[in-house]
Each structure stands twice: as C-alpha cells, then as structure tokens.
Protein chains: 2
Amino acid sequence: MALRDALFRPVRAGNAFEETVERLVQAIRLGVVAPGERLPAERELAGRLGISRVTLREAIKSLQDNGYVESRRGRYGGTFVNAELPAAQPVGRISGEELADALTLRAVLETGAAECAAGRALGPGERRELGARLAECAQAGRADYRRKDSRLHLAIAEAAGSPSLTAAVADARMRVNELLDRIPLLPPNLAHSNEQHELVVSHILHGDADAARRAMAEHLDGTASLLRGFLA
Amino acid sequence: MALRDALFRPVRAGNAFEETVERLVQAIRLGVVAPGERLPAERELAGRLGISRVTLREAIKSLQDNGYVESRRGRYGGTFVNAELPAAQPVGRISGEELADALTLRAVLETGAAECAAGRALGPGERRELGARLAECAQAGRADYRRKDSRLHLAIAEAAGSPSLTAAVADARMRVNELLDRIPLLPPNLAHSNEQHELVVSHILHGDADAARRAMAEHLDGTASLLRGFLA
DNA sequence: GTCCAATGGCTCGCTGTCATACCTTTGGAG
DNA sequence: CTCCAAAGGTATGACAGCGAGCCATTGGAC
C-alpha cells in the first residue's frame, strides 16, 4: 500500500550539516537574502535553525567554498551573500513520476495560497510588498529572473497569512526550480510570465479569490508544460 | 520580515528518537496501521525511516510503555498495534494564530487533493479503495471515528497521485486532529460529516474537479468552525 | 521431532552533534 | 586615542545516533 510509503518515508532528509546547507542555499536562491545582504549573525542563526553553532559554521564554510557567501570578522562584520552566485548544479535524470509529484504539490500549494491571499483583508504593508515584488520581477533580466520570480511567489504565499503554508511553498518551489534550471529561459516566456503575474496580483489586491486561483493555475500550467516538454 | 522566519525555521523538529515516535504515532492514529495489524519488521522499518535500528527500538519501546503496541518475538512475531489505543494527550493552550495556521494549511492541501483526485483517471483499485473507506467511515462509532475519517481523507489524498502531497496531508491532518481531540464529538456532526463525505467521493468518482473541491471545502469549513468556536 | 528462517533483544566502538567557553578582529563611540 | 561591543574563529568534553554483529525466541516446514 502506497500510504505506508508516505508515512514510513525517511524521518530525516540527511544529517544536520546537509540539511542546514540546503536551507541556506534555499534562502539565497529564492532571493530571500539577496546578493550583498547579510545573513543573521551565527549565534542568532544557529538558535533559529535549532542547531549548534559548530554545525552552522560547517555549513557556512561549505557555502563559502562554493562561492555563495563571504564572511568578514569584526563588529559590523558577518556573512554576506556574493554579488555573483554560482551556477546551479545540474541534478541527475528524474523520472516522470518525480516530475509530476513536484508539479502537483506546487500547483496545490500555490493556487491555494493565491486564493487565501485574495480572501484575506491585506494590510497596507502587504499590498505594498506585493506591488514591489511585482515591479522587481518585471524589471529582472535573465540572470536574476528566477530569483525575483520566486521572491514574488513567496510574497503571495506569505500574504495568505499561514507560516506553515509559506514554508511549504518555499520547499516546493525549490524543488521545481532545480528542474527549471535545466531548461532554457526564453524572453517570450518571460514576458508572458510577467503578464500573468500582474493578473494574479491584481485579483489578489481586488479580493477576487476565485479569479486569483484561476490566474495562478494558468500561470503555473505554463511552466509545467515547458517542464513536461523538455524533460519528457 | 516574516519570510525569513519561514526559511530560518528550525532545521529539525526534535531529535531522531522524538521524530520517530511522532511518525509511528501518526501512522497509528491516522489509521494507516489499524489495531491488530503489524508494523513492518524492525530491520525493514529502520531502513525505510532512514534511522538506525537502535533508535527505532527506543521509539518502539516508548510506544509500548504508552500502550500503543506490543511486541512478540520469534518467527511470525513482530510489533502489533493494540486493540485499545491510549487516549490522546491533551496539548497545551494554543493561540489563535496557530489554529488559523493549521486550518489554512489543511484547507489548501485537502481541497487541492480532492480537486486533483477528481481530475485524474482513477484505476479500479483506487475507486474501490475510496468506496471501502467511505463505507468504513459511515459505520464507525464515536470511538474510532477520527481514525476512520482520517483514513478516508488520506485515501482521497493518495488518489491525487502525488506522494509528497499525501505526506503533507498526513502531517496537516495530524496537527488538526490534536486540536479536534479537545472538543466533543457530537452524533449530529458525525452524521452531517458522513453526508459530506459521500458528496466529495461521488464528485471525485464522477471526475468533477470543481465540485469535488467545493464539497471538500464545505466539509472542512464545518470542523474549522467547530474548532474556532470551542478554542476561541 | 528436528531444523531453520524470521523476528525481536542486546552490545560495542565510531562518528556526528552539541553546549560552553574562550580567542581574535574590527570599527564606531566617547 | 582608547575602549569595547559585536561579530567571526577555535578548542574541548559529553552525549546521541549509527553500523555491524551476535544472541534468544518462536512456530511452521520437513
């Protein structure tokens, strides 16, 4: 029975070091900590992540070796994200089932988030945030599009007001991004994507939950089709 | 910024022992391994969960001490789920934000799952499974309703065909069940719930994705309102 | 009746992870 | 100019978790 596979799946995805590296890379690649910005201080970050400072430092060392960050000592020092991020490591071949799994989960989470966000009374800060991310995404070039795009989608997830949902969207998005890194990013797709973003955000700001969901579903279908085509 | 809270959340929910206990209790409380049934053999289960046999045994020992399971040695032995499960431990007071978080995530995942399940071409085995769980749930008494109910909802999630989604639904459901254990289970609610189940399953079997989603949303709203009322 | 395969029960040494404490560097406050 | 707070860098001893191997028990196959 497949249900048992779901419940008896691995308790841990890896050791503490690996999971920490994963999380930090996620924060950087999803644009939550942008190039030039500083990570929280080691003592604070270790506390938030629930790991020891030793383990966190090992993870940071790994990010340094891979060109993600640089650390500076002294007061007002810290660990800063590099301006130029390393190219993503190509993942191995993936099966059609894995692809479908990742896309299904993403679709469920993100369409749900868009609907929830539209159904809530958003504060002025949240509305401004959505607008800012939308604009940033529209101005992004091919080099930083994925990051700005993720950042906008995360802003939408956050507007749904559920921290667990936000975290789940971040994870699902990271999974899909790893696949997207393997296919070309074409300017026409990019322009189309921006139009759809505007539509989604507009529906959310106007509080039209149904329309927001449908617009997000259509948007996600676009990249899903691309992925299915290229990775089939 | 709240996004950082989501990404810099704890890497691990607890130590390996605690997380393993959690997972096993989940399998039992959600009815995936029913009373009288046997857990996989220790060597196999440890492999599936990605932990050492030593740690798994500690977790099983904890379940024994709490009256969840009993172990028998020898060939055809194993660890069996007890006929009578212990009462759920009441959790501490929870905030309105935590409640909303859990309910939002559940709603997103389960309505999405219902929609996906309806949109797929289900095999005969899956259709039979849905029918069987539905019937089982309708016949359940107050003592085992929560377990049979969860089992049906998991069957729906599984019918969506995404293992990650199934796992996410199981986690979300476990969270909500812990809250539901604190409020009374009234026969009228139970009957109403069964009617809604029939509707949801019927829409899924007929392939009406939109109707399935709406029926599931309405169903979930019912318990959500109860929870908000009792825990407010 | 004997055997044996499958299961839970147990032990030992190794490695990863932790908490804690202390050292070094840096740049602004005074 | 001096001081010092805040940051990264380092060291140590304790403990959790692991892999591997072996033991003890059981009930069916032969």
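Since the model is a prediction, treat every value here as computed from it, not as a measurement. Letters A, B, ... mirror the listed sequences (proteins, then strands); counts begin at 1.
Closest to the side chain of B:Tyr76, out of D:dT25, D:dG19, D:dG28, is D:dG28. Taking the side chain of B:Asn15 as heavy atoms from C-beta on, and the options D:dC22, D:dG17, D:dT25, the nearest nucleotide is D:dG17.
Both the sub-6.0 Å distance and the 45° axial angle are satisfied by A:Arg72 relative to the ring of A:Phe80.
By the neighbour-count criterion of 12 heavy atoms within 6.0 Å, atom CZ of B:Arg182 is densely surrounded, having more than that number from other residues, nucleotides or ligands. For CD of A:Glu22, the number of neighbouring non-hydrogen atoms (other residues, nucleotides, ligands) closer than 6.0 Å is 12 at most.
One can place CD of A:Glu58 at 16 Å from P of D:dG8, the figure rounded to the nearest angstrom. Computed from coordinates, the A:Leu39 CG to D:dG8 P distance equals 9 Å when rounded to whole Å. Rounded to an integer number of Å, the gap from CZ of B:Arg43 to C1' of D:dG19 is 13 Å. With rounding to whole Å, B:Leu49 atom CG is found 14 Å from D:dG17 atom P. Nucleotide D:dG8 holds its C1' atom 15 Å from the CD atom of A:Glu44, rounded to whole Å. Taking atom CG of B:Leu56 as the reference point, atom P of D:dA20 lies 17 Å away to the nearest angstrom. Counting to the nearest Å, the P atom of D:dG8 and the CZ atom of A:Arg75 are 13 Å from each other. Rounded to an integer number of Å, the gap from CZ of B:Arg57 to C1' of D:dC23 is 12 Å.
Nearest-nucleotide positions on DNA chain D place A:Val54 closer to the 5' end than the other of B:Ser52 and A:Val54.
Of the inter-residue distances, the one linking B:Asp5 atom CG with A:Thr166 atom OG1 reads 10.0 Å to the nearest 0.5 angstrom.
Across all strands shown, A:Arg72 has heavy atoms under 4.0 Å from sugar-phosphate atoms exclusively, and none from any base. Nucleic acid contact class of B:Arg12 (heavy atoms, under 4.0 Å, all strands): none. In this structure, B:Ile51 reaches the sugar-phosphate backbone alone: every heavy-atom distance under 4.0 Å involves primed, P, OP1 or OP2 atoms, never a base.
A distance-only check finds a donor-acceptor pair linking the side chain of B:Arg127 to the backbone of B:Leu205 [under 3.5 Å].
For D:dA24, its base sits under 3.5 Å from the side chain of B:Arg73 at one donor and acceptor pair at least.
Nucleotides of DNA chain C that come within less than 4.0 Å of any heavy atom of chain B span, from the 5' end to the 3' end, C:dA5 to C:dT11.
The nearest pair of heavy atoms linking A:Thr20 to A:Thr55 is OG1-CG2, 4.5 Å.
The aromatic rings of A:His197 and A:Tyr145 sit parallel to each other, their planes meeting at less than 30°, with 60° as the upper class boundary.
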